[in-house]
There are 2 protein chains.
Amino acid sequence: MCPVSTSRQYHHGDLRSALVASASKLLQKQGLAALSLREAARRAGVSHNAPYRHFADREALLAAVAEDGFRLLALRLEDAGLGGGRDLGEAYVAFALEHPQLFRLMFGGQIPIDRYPALREQASRAHGALSKAFSGVGSERDAANAAAAAWSLVHGLAQLLLDGHLPRAGGADPRAFAHEVIGAIRFAVGAQRSA
Amino acid sequence: MCPVSTSRQYHHGDLRSALVASASKLLQKQGLAALSLREAARRAGVSHNAPYRHFADREALLAAVAEDGFRLLALRLEDAGLGGGRDLGEAYVAFALEHPQLFRLMFGGQIPIDRYPALREQASRAHGALSKAFSGVGSERDAANAAAAAWSLVHGLAQLLLDGHLPRAGGADPRAFAHEVIGAIRFAVGAQRSA
DNA sequence: GCGGGATGTTGACACTGGGCACATCCTTAT
DNA sequence: ATAAGGATGTGCCCAGTGTCAACATCCCGC
């Protein structure tokens, strides 16, 4: 399929990777709207139609970029997993803040995940890293729900921070703010009970 | 040349509203990618450049649609607010599930909110409706953080449900699932403490 | 009336995603 | 080694889009 290291280059060598790379850079610098197939091709030094040999359409290229994103996120979470649930959450938010555009692409609903098995797999990996921290809580179902709730919490926090919806009470440092908010969920739970 | 112009009104009457309406419908039915200025104009029965008398560019039209979305969300939350924090959360998720595309537009980061004061105001209104439920919790700062945490939780849950990231354990009904997950946050808090 | 500003229209340009036929190069079987 | 054949990349084409500029039409205050 994809001869990796041994053979000489045909025309470009590894256009697929080059395209994903230039697309990622483009996404990070200029945002999703500016990410065009043609521009990515231009930066990779090939004609505007060459990408179609590697990606069915623009969406497929986006999916490849997102897949890389999920892979990176999963790695981060697996690293942070040793520190417990709260560290996981902060790592999640940190990832989003470091790669805002990438994060939006990954969760922006632009890509129908089920159509890209490789994408789904990396996403599941990230999911798994989060779930593991809650595997010992109550029944199996309780654990799954707790994991879903925790994921929701940190995911929503990341998203709202990116969109500038949360007036950051905790000063300039978003990481500290995230720490504070994640901790404050217990107050919310309390209020919920009393209501 | 169309010399017959008696029945056909040259001035549309309220083109701005008509454009927002057709854009909303378009968004809901076909998704953000299919929402073009030209198509919206076409559906409003007007030439492809007429929108520019009311919107500086495509983004401004999107902002107007999103503004309507926030207005609707705020209303929903204000209605649900009487029932307490948990009802609020479920109303939030329900809104997202009923208007998936609109919700994504509102929070997809496509629109720089700060550039559209009217948008910001409606968004703040929704925020306020959520915050009110936590106004009595601990110190003022605790309350703000609790509100942020609660918002994050339901927002993340909505987003993850829309993207199909959460395998729904609770059967077919997403509303019941949302109820369950929101309730499960306390397990997550417990796990967090013990970690 | 009538002139000016708001509103719509037509035309044009650059750009994009995507399809087609053709050129180029590598690999493999003969 | 060489010819067949498939993988890879190129050009040219088309429809659709956002946006600008010039022009047409309408409505309101003088």
Side-chain angles (χ1 to χ4, degrees), chain A residues 1-23 26-27 29-66 105 108 110-112 115-116, chain B residues 1-23 25-27 29-66 105 110-112 115-116:
Chain A
M1 300 279 193
C2 300
V4 187
S5 52
T6 55
S7 64
R8 269 267 171 267
Q9 312 178 343
Y10 323 146
H11 295 143
H12 182 281
D14 191 359
L15 183 55
R16 204 196 128 96
S17 307
L19 285 171
V20 173
S22 61
L26 212 49
L27 173 69
K29 286 192 180 174
Q30 318 242 15
L32 181 63
L35 203 181
S36 72
L37 264 181
R38 287 171 116 101
E39 185 61 29
R42 224 170 277 140
R43 306 227 170 174
V46 290
S47 85
H48 66 102
N49 246 346
Y52 284 92
R53 297 294 148 189
H54 301 271
F55 302 99
D57 50 16
R58 183 184 127 109
E59 193 181 87
L61 174 58
L62 294 184
V65 173
L105 172 65
Q110 306 270 330
I111 308 164
R115 215 171 297 158
Y116 300 91
Chain B
M1 298 212 181
C2 301
V4 186
S5 59
T6 48
S7 63
R8 179 90 183 75
Q9 260 192 346
Y10 192 89
H11 278 33
H12 179 283
D14 191 0
L15 183 55
R16 205 196 126 96
S17 307
L19 285 171
V20 173
S22 62
K25 201 168 284 183
L26 213 50
L27 173 67
K29 286 193 181 173
Q30 320 242 12
L32 181 62
L35 202 181
S36 72
L37 264 182
R38 287 174 111 106
E39 186 61 28
R42 222 169 279 140
R43 306 228 170 176
V46 107
S47 86
H48 65 102
N49 247 343
Y52 282 90
R53 297 294 148 194
H54 301 271
F55 301 99
D57 51 16
R58 183 182 127 108
E59 193 183 86
L61 174 60
L62 294 184
V65 173
L105 172 64
Q110 306 270 328
I111 308 165
R115 215 171 298 158
Y116 300 91

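All of these numbers come straight from a predicted model, not from anything done at the bench.
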TODO: State the CG-NE2 distance between A:L37 and A:H48, to the nearest 0.5 angstrom.
DONE: 11.0 Å
Open item on the list: Suppose we call a contact any N or O donor and acceptor under 3.5 Å apart; does that hold for the side chain of B:R38 and the base of D:dG18?
Closed with: yes
Open item on the list: Mind checking if B:R42 touches a base, just sugar-phosphate, or nothing, with heavy atoms under 4.0 Å?
Closed with: sugar-phosphate
Open item on the list: Let me check the geometry of the helix from C:dG1-D:dC30 to C:dT30-D:dA1. What is the bend angle between the axes at its two ends, five pairs each, to 10°?
Closed with: 0°
Open item on the list: Holding to side chain to side chain contact (heavy atoms under 4.5 Å, CB included), I want the full list of residues that pass it with A:S47, two or more places apart in sequence or in another chain.
Closed with: A:N49, A:A50
TODO: Between B:L15 and A:E39, just flag the one whose closest nucleotide in DNA chain C comes earlier from the 5' side.
DONE: B:L15
- [ ] Round to a whole Å and report the spacing from CZ of B:R16 to P of C:dG8.
- [x] 13 Å
Task: Strand-adjacent residues in residues 50-63 of chain B, judged by heavy atoms under 4.0 Å from DNA chain D - done: B:Y52, B:R53, B:D57, B:R58
TODO: Please report the closest heavy-atom contact between A:A44 and A:L19, naming both atoms and the distance.
DONE: CB-CD2, 4.0 Å
Open item on the list: List the residues meeting side chain to side chain donor-acceptor pair (under 3.5 Å) with B:Y116, not counting sequence neighbours, and say none if there are none.
Closed with: B:E59
Open item on the list: Can you tell me whether the side chain of A:H48 and the base of D:dC12 have a donor-acceptor pair closer than 3.5 Å?
Closed with: yes
TODO: Considering non-hydrogen atoms only, spot the tightest contact between A:A40 and A:L26 and give its length.
DONE: N-CD2, 4.1 Å
TODO: Could you tell me the separation between the CD atom of A:Q30 and the C1' atom of C:dC15, rounded to a whole number of Å?
DONE: 15 Å
Open item on the list: Counting only side-chain heavy atoms from C-beta out, which of C:dT16, C:dT10, C:dG19 sits nearest to A:S36?
Closed with: C:dT16
Open item on the list: Please list all pairs meeting salt bridge (Lys or Arg N to Asp or Glu O under 4.0 Å) that have one or both residues in residues 35-56 of chain A, counting only residues at least two apart or in different chains.
Closed with: A:E39-A:R42, A:E39-A:R43
Task: Nearest-angstrom distance from the residue atom CG of B:L35 to C1' of D:dG18 - done: 13 Å
Open item on the list: If you define the side chain from C-beta out and look only at heavy atoms, does anything of B:L62 sit under 4.5 Å from B:L32?
Closed with: yes
- [ ] Could you state the atom-to-atom distance from CD of A:Q110 to C1' of C:dG17 in whole Å?
- [x] 15 Å
Open item on the list: Donor-acceptor pair, distance only, cut-off 3.5 Å: does the side chain of A:R58 make one with the backbone of A:L35?
Closed with: yes
- [ ] Grab the CG-P distance between A:N49 and C:dA23 for me, whole Å please.
- [x] 16 Å
Task: For B:D14, all residues meeting side chain to side chain donor-acceptor pair (under 3.5 Å), sequence neighbours excluded - done: B:S17
